[in-house]
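Position 1 is the first residue of the sequence; numbering continues from there. Counting convention: from 1, in listed order, for ligands and their atoms alike.
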Amino acid sequence: MKKKKKKMTTAFGIPVADDLNSLTAGERGPVLMQDAHLLEKLAHFDRERIPERVVHAKGAGAFGHFEVTADVTKYTRAAFLSQVGKRTEVFARFSTVGGERGSADAARDPRGFAVKFYTEEGNYDFVGNNTPVFFIRDPLKFPDFIHTQKRDPATNLPNPDMFWDFLSLTPESIHQVTILFSDRGTPAGYRNMNGYSSHTYKWYNDKGQYYWVQYHFKTDQGIKNLTRQEAKRLCGEDPDNATRDLHQAIDRGDYPSWTLEMQILSPEKAKDFPWDIFDITKVWPHGEVPPIKIGKLVLDRNPDNYFADVEQAAFGPGNVVPGIAVSPDKMLQARVFSYHDTHIHRLGPNYHLIPVNAPKNAPETSYQRDGLMRVDDNAGGGPNYWPNSFDGPEPDPQAGEPLIELSGSAGRYPFTYPNDDFVQAGNLFSKVMTDEAREHLVGNIVDHLGKAQKRIQLRQTALFYKAHEEYGSRVAQGLGLDVKEVKRLAAMSQKERTEATEV
Ligand code: NDP
């Protein structure tokens, strides 16, 4: 028997008689204003695009679960981590950072790695990257940094001078620049990269004891990267390669997974730690704080609708559940504001009601009311203020973070401890990378930095030299620069180097 076809309606459920011919005065027009169906259809189309994210605009996502594999109750009281074997539903979104919504997946760029855990204590958002560090560590520099990675305000073209001018004037970026220009800057796909918190977070247990932690989601598919040549080819031939790879793998039942490893540092050990644990340009060496395996993230369901679940997904580093807290890391503090603010701009003040963002496993019982697109019952007729004596939801003091000890004078402080931004980048180059990885790194840098002005090349190459003599020398040779000149610049202070390379 032939299946009965669904009837088409307007957005308001009214049957549509004809969706091919506009209502006109006579056969040859003009169109009548009273064609409400046409007007509704056009007006909605005109508004289909919402503002794209200013960063992380191009992304792909999927649903799945997280399963606890080790007892971490002595470190955190988070309910979703309270038992080995416990599973929590998740939604994950991966992205590039600098490109627009239609840009190529294979571009050299860090990758966003965000996971929303729908816990029974509300949504916990992990909002990380595929790199364990970042370019800058003070949020006041963030908008400037991003401007340099985007388009030239005059030409609307990417501008290597802007890109390298800023980085060469921001020496703390050297560690992240080294990772970005290694082949890890062009992962083969989202399944083949790790996800790091990059920031330090705090975990605390039910006794109020706390620990500093860093998250490492290690890909179970293995790290797989593209060479510069492969990445460039894909940018042209298959700009959606990573989006497709994730979608198709899940479709065929080849579910990608990541093992969550934690670095956990006691406050006592943190006091003598050789690195500033709130400086996002540094890692915690594995030898100092060995990572421990605590869980498994599996993605096993593609969204039915990209816009509904991926484009409208909104993550915020401030969404932490009891047992997890932010650290004083200045970048993290600013992200707590900026992500929420961006989502309000993109999606409206009630973005938490959009199904992908709504707390699935914990009811929302706040006193926030009204606002654009309040599409639920707006908490009905209950009291809309606190305190009240009408049986409204009340705060639970048990949910609070233990007291945070703070001291110091308010001021604008540069990072001074431990004041060496080059050692970890140098270690990566000289101790971690293989000969092939070093060769690719140098080639990738030369290919990109070679398009900037010579004085900027010199200033940036001096930073590579400061990280490691061989690193700087090889980049200098690749660019045709005088190694002695690079060495001379490397020996200068940043201020002297800037003056020596100004126009
Ligand atoms: P380890 O030898 O214990 O760790 C080195 C780590 O480097 C590896 O585990 C791997 O991280 C990562 N790695 C390998 N190739 C690359 C690459 N091309 N780009 C970025 N990372 C790479 O040494 P340490 O812990 O003492 O760290 C030495 C250096 O390694 C650091 O200065 C840092 O640059 C880099 N690193 C360190 C990480 C950490 O958290 N300690 C994390 C990532 C990099 P993974 O296992 O995460 O894939």
Point to revise | Leu180 backbone acceptor or donor facing Arg108 side chain under 3.5 Å | key: yes

**Study point:** Under 4.0 Å to a heavy atom of Val432 - the qualifying atoms of ligand 1, by number
**Key:** 5 (C), 7 (O), 13 (N), 14 (C), 15 (N), 28 (C), 29 (C), 30 (O)

Point to revise | Distance from atom 3 (O) of ligand 1 to nearest protein heavy atom, with residue and atom | key: His286 ND1, 2.9 Å

Check your understanding: With no hydrogens and no angle check, is any side-chain donor or acceptor of Asp152 less than 3.5 Å from a backbone partner on Leu157?
Key -> no

Practice item. Establish, yes or no, whether the cationic atom of Arg438 lies under 6.0 Å from the six-membered ring centre of Tyr471 and within 45° of the ring axis. Key: no

**Study point:** Which residue and heavy atom of the protein sit nearest atom 18 (N) of ligand 1, plus the separation
**Key:** Ser182 OG, 3.4 Å

Point to revise | Side chain, backbone, both or neither: the part of Pro285 lying under 4.0 Å from ligand 1 by heavy atom | key: both

Exercise for review: Looking only at protein heavy atoms, identify the closest one to atom 44 (C) of ligand 1 and say how far it is in Å.
Suggested key: Pro132 CG, 3.9 Å

Practice item. Pick one of side chain, backbone, both or neither for how Lys431 approaches ligand 1, counting any non-hydrogen atom pair under 4.0 Å. Key: neither

Study note, to complete from the structure: Under 4.0 Å from one or more heavy atoms of His216, ligand 1 contributes atoms 40 (O)

Check your understanding: Side chain, backbone, both or neither: which part of Gln424 comes within less than 4.0 Å of ligand 1 when only heavy atoms are counted?
Key -> both

Exercise for review: Identify the two heavy atoms, one from Lys451 and one from Asp161, that lie closest to each other, and give their separation to 0.1 Å.
Suggested key: O-OD1, 4.4 Å

Review point. Is Trp284 close to ligand 1, meaning an N/O of one under 3.5 Å from an N/O of the other?
Key: yes

Exercise for review: Please test Phe145 against Phe134 for ring pair (Phe, Tyr, Trp, His ring centres under 6.0 Å), starting from the C-alpha separation and ending with a verdict.
Suggested key: CA-CA 11 Å; Phe145 163 64; Phe134 198 62; 5.8 Å; yes

Practice item. Starting from atom 45 (P) of ligand 1, find the nearest protein heavy-atom neighbour and note its residue, name and distance. Key: Tyr196 OH, 3.4 Å

Review point. Does the protein put a heavy atom less than 4.0 Å from atom 27 (O) of ligand 1?
Key: no

Practice item. Identify the protein heavy atom lying closest to atom 37 (C) of ligand 1, giving its residue, its atom name and the separation to 0.1 Å. Key: Val283 CG2, 3.8 Å

Revision key, fill the gap. If you scan protein heavy atoms around atom 34 (O) of ligand 1, the nearest is His175 NE2, 2.6 Å

**Study point:** Trp203/Tyr124 under ring pair (Phe, Tyr, Trp, His ring centres under 6.0 Å): CA gap, chis, key distance, verdict
**Key:** CA-CA 13 Å; Trp203 274 10; Tyr124 167 50; 8.8 Å; no

Check your understanding: Nearest heavy-atom pair of Pro153 and Met162: which atoms, and what distance?
Key -> CD-SD, 4.2 Å

Exercise for review: Look at atom 35 (C) of ligand 1 and say which protein heavy atom is nearest, naming residue and atom and giving the distance to 0.1 Å.
Suggested key: Leu428 CD1, 3.9 Å

Review point. Is the closest heavy atom of Glu288 to ligand 1 under 4.0 Å?
Key: no

Practice item. Heavy atoms only: give me the nearest Ala57-Arg93 pair and the separation to one decimal. Key: O-NH2, 3.3 Å

Review point. Will you find, in the side chains of Thr243 and Asp105, an N or O donor that is under 3.5 Å from an N or O acceptor?
Key: yes

Exercise for review: Determine yes or no for a side-chain-to-main-chain donor-acceptor pair under 3.5 angstrom, with Ser168 supplying the side chain and Arg459 the backbone.
Suggested key: no

Review point. Starting from atom 16 (C) of ligand 1, which protein heavy atom do you reach first, and at what distance in Å?
Key: Arg184 NE, 3.5 Å

Point to revise | Part of Gln214 with heavy atoms under 4.0 Å of ligand 1, whether side chain, backbone, both or neither | key: neither

Check your understanding: Between Tyr215 and Tyr201, what is the ring plane arrangement, given parallel below 30°, perpendicular above 60°, and tilted in between?
Key -> perpendicular

Review point. If you measure from each non-hydrogen atom of Asn194 to ligand 1, which part falls under 4.0 Å: side chain, backbone, both or neither?
Key: side chain

